[in-house]
J.: 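Can you read through this structure? Questions will come right after.
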Amino acid sequence: MPDADDYLALLNPEQKAAVIQEGAPLLILAGAGSGKTRVITTKIAYLIGRKQVQPYSILAVTFTKKAAKEMQDRAVALEPLAANAQIRTFHSFGSWFLRKYAEEAGIDKNFTVYDDDDMATLVSKAVPALSRQEAAKAAHRIALAKDFCLTPDSKNLVDIESSPDFPEIYAAYEKRLRSTGNVDFGDLILLPVLVLNDREQIRMQMHYRFRVIMVDEYQDSNVAQFKLLQALSGAEENAGVYVCVVGDDDQSIYRFRGAEVQNILTFQQNFPGTELIRLERNYRSTGCILAAADRIVSNNENRLGKTLRAERGNGNPPVLVFLPTQDDEAAFCAELIMKAYKKGCPYHDWAILYRTNAQSLEFETEFLHRKIPYTVVGSLKFYEREEIKDILAFLALIANPRDEIAFRRIVNKPAHGIGEKTQDTVVEYMKDHAGTAGGGELRSGLIAACRECAKSMSKKAQRGLTDFVSVIDDLTVYFDSAAAGKLSVFIEKTAERSGLLEYHSSQDEISGTQRAANIQELINSAVLYPCTRQGLTDFLDAIELDREIEIPGKEHDADTVTLITIHNTKGLEFSRVIITGLENGIFPRQDKTGSDLEEERRLFYVGITRARDELYITSCSVRRLYGRTEYMQPSQFLLEAGKDVFRILGTPPSTYGNDTFPAALHDGEPRKTAGDSLSALWCSGTRLYHDDWGYGQIIKTGYTSGEYVITVQFENGTCRQFMPQYQAHSLMIIHE
DNA sequence: CCCGTCGTTATTTTT
DNA sequence: TAACGACGGG
């Protein structure tokens with residue numbers, strides 16, 4: 001039996017107060033790196049071990065499966081009984097709830113979850129007048145509406161989309177979606193809210209079941225999730241459910257996806273009597289890094305306010321590096337990393353952060369060239385790949401034969417001569433007969449419809465449909481007879497019998513892709529699931545609700561540099577971080593004002609606070625953008641932070657503070673374009689630092705066969721020539 | 001049905 | 001610049 005005092009003794013006073021607090025709602029404002037996961041997990045252990053709270057009556061929700069798993073593992077390490085606590089993502093809770101109350105929610109118990117892409121397809125089927133692009137946009141708005149807990153008849157729908165057609169489109173989509181029996185992501189939250197608000201009985205059952213509710217990363221919850229929490233807590237009917245939320249308003253970065261910072265800012269009003277505890281001791285970053293982070297975020301108006309204190313000394317100031325172009329930026333990063341590597345710093349200590357995925361390209365090219373191993377996080381999602389979606393569609397159709405989207409995706413793949421017209425006929429037939437034909441017809445849904453429709457069709461379509469049905473039939477027979485086997489074997493069978501494996505293998509040869517291997521990866525990931533209906537739904541759920549789970553070839557022990565968008569770094573930390581592209585228009589992105597600009601600022605804050613020991617920030621004066629060469633200005637965030645928090649390398653553009661541009665402008669060479677800014681940057685008198693030779697000064701400049709050449713006199717006596725155009729990365733201009 | 005060409009358009013995306 | 005969708009010919 002673990003002794004609670006052991007783990008309480010590890011906490012600082014605020015953390016301990018947060019763990020033992022009871023009797024009123026609790027809001028924990030946990031700054032970056034302040035040990036919030038430790039607090040939540042300790043609290044779970046404490047409630048079970050010390051307060052005799054039943055583990056299964058604790059519900060802890062997070063946003064990602066990874067976070068849920070980490071929380072579960074750490075809680076179990078402190079208190080084995082925590083294995084029975086419900087530690088889930090919001091969406092997996094919704095899924096659990098909806099399978100339990102499928103009937104009340106008006107959906108199929110075997111539902112699968114449609115993603116954004118499926119939504120767009122469904123919109124275009126529901127409203128054929130829309131172009132593909134319009135449908136995608138409408139789908140996006142519908143998703144957003146659901147995040148805000150708005151139904152097609154909600155008045156506030158205009159706040160999401162002012163187009164007068166929108167409510168109609170949304171309603172048509174809903175109708176179509178309900179006819180498939182499936183749900184979309186928004187429904188996983190919205191439908192439980194509707195059911196709970198509607199059915200007192202069910203609400204009471206939930207209050208009886210869950211006595212403690214904790215929410216992690218509360219700053220990223222949306223309105224629907226807030227309403228779900230409200231319903232589950234029964235705050236308005238004195239259900240006596242204990243609520244504890246943890247978050248950091250300064251790290252709210254998902255507004256564009258419906259996250260509502262207001263949720264955390266107004267928590268105290270919505271849950272009267274709330275106690276507030278701040279965790280402000282930062283155990284991750286050095287003081288200098290935190291100082292820069294604080295300077296940035298202090299420029300935001302809309303925040304609860306908190307000041308992080310460094311627990312591990314000041315360290316070195318963040319280095320702000322001004323570079324001529326994005327190529328120099330990539331070279332600078334590579335050089336920095338290689339230099340450190342030679343001194344024994346592993347690659348995995350490093351992360352390169354950028355605002356948009358497209359920016360990863362320059363680094364990939366450069367690193368490939370220099371043989372620096374790297375891992376790009378998150379750009380191409382496994383589950384979004386065509387071959388994976390194809391196989392999953394087959395499985396989804398077997399799980400739920402009314403799944404129109406899955407049906408359309410694979411009925412003619414590989415091609416059997418079943419065009420869109422034929423598909424429409426089958427889908428219409430199913431919809432017309434589903435309600436009247438009794439249970440049998442309903443159960444076999446689109447497959448039965450295929451059989452029926454085939455009778456009255458052209459030879460070609462008839463043949464195609466018969467082929468398709470026989471594939472499904474074979475697989476169904478196999479599925480039913482293999483209940484003792486593994487699901488992975490069934491998926492393998494599906495991949496073969498459907499012809500999809502062969503189809504995608506041949507694609508591999510044409511375009512050198514890895515599709516067959518990806519399919520194999522999918523098959524492997526199902527080995528632990530039984531070949532039963534339950535196993536199948538569980539597997540599909542796991543895939544749909546945890547899209548990070550399948551990252552093929554991602555060896556965790558590989559020593560690589562991480563390339564990642566700042567959004568994706570939430571919850572991560574690295575010893576050394578380089579945040580790139582700090583230029584107006586890139587970061588913050590253009591057109592950001594007001595609260596959008598505040599969110600960009602928070603994003604910068606998140607990026608900075610990922611760094612444990614060293615932080616570098618780069619800003620280029622020229623960047624190729626959409627095929628154009630753009631002259632960039634340093635990010636306004638750099639000015640807001642103030643110069644004193646950084647150590648500055650390279651030459652800041654004149655717009656960065658009051659610095660005058662180097663005298664080099666008069667050095668004899670005309671400054672025509674940015675390409676020629678070489679002579680401006682690398683002019684006589686400029687002080688430099690070189691990796692091998694140390695400090696020095698440019699004593700002569702000139703051109704040799706068209707290339708700009710500088711001569712540098714180093715303090716150690718060496719005198720060398722360089723071509724800054726190619727060697728800028730090994731030479732750093734000292735500004736101070 | 002497949003493949004090539006032309007024109008358009010460029011965030012962030014836990015689930 | 002590049003990548004992707006729309007369209008038309010084989």
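None of these values were measured; they are calculated from a predicted model. Throughout, a chain's letter reflects where its sequence line sits, starting with A, and its residues are numbered from 1.
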J.: Please give, in whole Å, the distance from dT14(B) P to Leu572(A) CG?
T.: 12 Å
J.: Can you find a side-chain donor-acceptor pair between Asn400(A) and Thr112(A) that sits under 3.5 Å?
T.: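 The criterion, which ignores hydrogens and geometry beyond distance, is not satisfied for Thr112(A) and Asn400(A).
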J.: Planes under 30° and centres closer than 5.5 Å, is that true for Phe256(A) with the base of dT12(B)?
T.: yes
J.: In whole Å, I'd like the distance from the NE2 atom of His567(A) to the C1' atom of dT13(B).
T.: 8 Å
J.: Rounded off to whole Å, could you give me the CG-to-P distance for the Leu188(A) and dT15(B) pair?
T.: 12 Å
J.: Which whole-number value in Å describes the distance from Phe185(A) CZ to dT13(B) P?
T.: 15 Å
J.: With P as the reference atom in both, quote the distance from dG5(C) to dT12(B) in angstrom, rounded to an integer.
T.: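 The same atom, P, in both gives a distance of 16 Å.
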J.: Rounding to an integer number of Å, can you tell me how far Leu191(A) CG sits from dT15(B) C1'?
T.: 15 Å
J.: Checking His504(A) against Asn518(A): is there a side-chain donor and acceptor pair closer than 3.5 Å?
T.: no
J.: Do the charged groups of Arg255(A) and Glu598(A) touch, with an N to O distance under 4.0 Å?
T.: no
J.: So what does Asn412(A) hit on the nucleic acid, given a heavy-atom distance under 4.0 Å: a base, only sugar-phosphate, or nothing?
T.: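 Here Asn412(A) touches the backbone only, sparing every base.
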J.: Name each donor-acceptor pair under 3.5 Å that joins a side chain in residues 91-98 of chain A to protein atoms two or more places apart or in another chain, with its distance.
T.:
| from | atom 1 | to | atom 2 | distance (Å) |
| --- | --- | --- | --- | --- |
| Ser92(A) | OG | Arg88(A) | NH1 | 3.1 |
| Ser95(A) | OG | Asp541(A) | OD2 | 2.7 |

J.: Tabulate atom names and distances for all N/O pairs under 3.5 angstrom spanning the protein and nucleotides 6-11 of chain B.
T.:
| from | atom 1 | to | atom 2 | distance (Å) |
| --- | --- | --- | --- | --- |
| dT11(B) | O2 | Arg355(A) | NH1 | 3.3 |
| dT11(B) | O2 | Arg355(A) | NH2 | 3.1 |
| dT11(B) | O2 | Arg589(A) | NE | 3.3 |

J.: At 4.0 Å (heavy atoms only), tell me whether Arg257(A) reaches a base, stays on the sugar-phosphate, or touches nothing.
T.: base
J.: Is it true that Tyr114(A) and Asp187(A) share a donor-acceptor pair across their side chains at a distance under 3.5 Å?
T.: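 Judged by distance alone, the side chains do not pair up.
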J.: If each of Leu603(A) and Ile418(A) is mapped to the nucleotide of DNA chain B with the nearest heavy atom, which maps nearer the 5' terminus, i.e. the 5' end?
T.: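 With Leu603(A) and Ile418(A) compared, the 5'-side residue is Ile418(A).
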J.: Against the six-membered ring of Phe111(A), is Arg99(A) placed for a cation-pi contact (under 6.0 Å from the centre, within 45° of the normal)?
T.: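 The answer is yes, since Arg99(A) meets both limits relative to Phe111(A).
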J.: Grab the CH2-P distance between Trp96(A) and dT15(B) for me, whole Å please.
T.: 21 Å
J.: Please classify the nucleic acid contact of Tyr254(A) as base, sugar-phosphate, or nothing, using heavy-atom distances under 4.0 Å.
T.: base
J.: Taking only the side-chain heavy atoms of Thr565(A) (C-beta and beyond), determine which of dT13(B), dT14(B), dT15(B) contains the nearest atom.
T.: dT13(B)
J.: More than 12 non-hydrogen atoms from neighbouring residues, nucleotides or ligands closer than 6.0 Å to NZ on Lys592(A), yes or no?
T.: yes
